[in-house]
Amino acid sequence: IAPNLTGFRAGNAGMAAAMFDIVAEEWDRAAARLVAENAAFRALLVRGGVTGDLGDDSDLRVSALEACNETLRSLLTDLHAAVELRGDAEAKALDSAIWDALRASVEGRRIASANF
């Protein structure tokens with residue numbers, strides 16, 4: 001039907017197609033991205049001396065991985081705040097590593113098919 005659409009309807013159909021592309025991209029990569037982020041966050045937390053249950057990624061449902069990711073992010077935020085108060089070389093290196101992991105997390109969420 002696309003060739004028969006003009007004006008506003010053609011624009012709506014094009015926007016819907018672009019949104020489907022974005023959803024498909026995130027659907028395809030979400031679990032892998034979350035598992036990688038969770039592993040990176042766990043490694044930083046252990047490096048920072050955080051002990052206790054850091055969860056695991058044995059449940060590969062995106063909802064479970066996101067819940068774990070939120071918990072790890074909260075712990076990482078607390079660690080980051082504590083690290084920023086210290087001035088030693090180890091703390092500065094960990095601070096830098098945390099920022100690197102957060103940047104990588106944002107990059108991993110970038111939509112390749114988006115035209116913006």
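In this chain, residues are counted from 1 in sequence order. Please read all numbers here as calculations on a predicted model, not as lab measurements.
For the pair K92 and E84, the minimum side-chain heavy-atom distance is 4.5 Å or more. A 4.5 Å side-chain heavy-atom check between E26 and R33 finds at least one atom pair inside the cut-off. No side-chain heavy atom of L79 sits less than 4.5 Å from a side-chain heavy atom of L75. Side-chain atoms of L76 and L102, non-hydrogen and from C-beta on, do get closer than 4.5 Å to each other. Taking 4.5 Å as the limit, some side-chain heavy atom of V46 sits within range of a side-chain heavy atom of L54. Looking only at side-chain heavy atoms (C-beta outward), N38 and R42 come within less than 4.5 Å of each other. Side-chain contact between L34 and D57 is absent, with no heavy-atom pair separated by less than 4.5 Å.
Taking a cutoff of 4.0 Å between a charged side-chain nitrogen and a carboxylate oxygen, R103 and D100 qualify as a salt bridge.
From M15, atom CE reaches atom CZ of F8 across 10.0 Å, with rounding to the nearest 0.5 Å. With rounding to the nearest 0.5 angstrom, the SG atom of C68 is 7.0 Å from the CG atom of D56.
Hydrophobic cluster membership differs between F41 and L65, with clusters built from Ile, Leu, Val, Met, Phe, Trp and Tyr side chains linked at under 4.5 angstrom. One hydrophobic cluster, built from ILVMFWY side chains closer than 4.5 Å, holds both L72 and W99.
Around the CZ atom of R110, the shell of radius 6.0 Å holds no more than 12 heavy atoms that belong to other residues, nucleotides or ligands. Heavy atoms from other residues, nucleotides or ligands lying under 6.0 Å from CZ of R47 number more than 12.
Of all heavy-atom pairs spanning L44 and A101, the tightest one is CD1-CB, 3.5 Å.
Take D88 and apply the side chain to side chain donor-acceptor pair (under 3.5 Å) test, not counting sequence neighbours, and it matches R86.
A side-chain donor-acceptor contact under 3.5 Å links S105 and R73.
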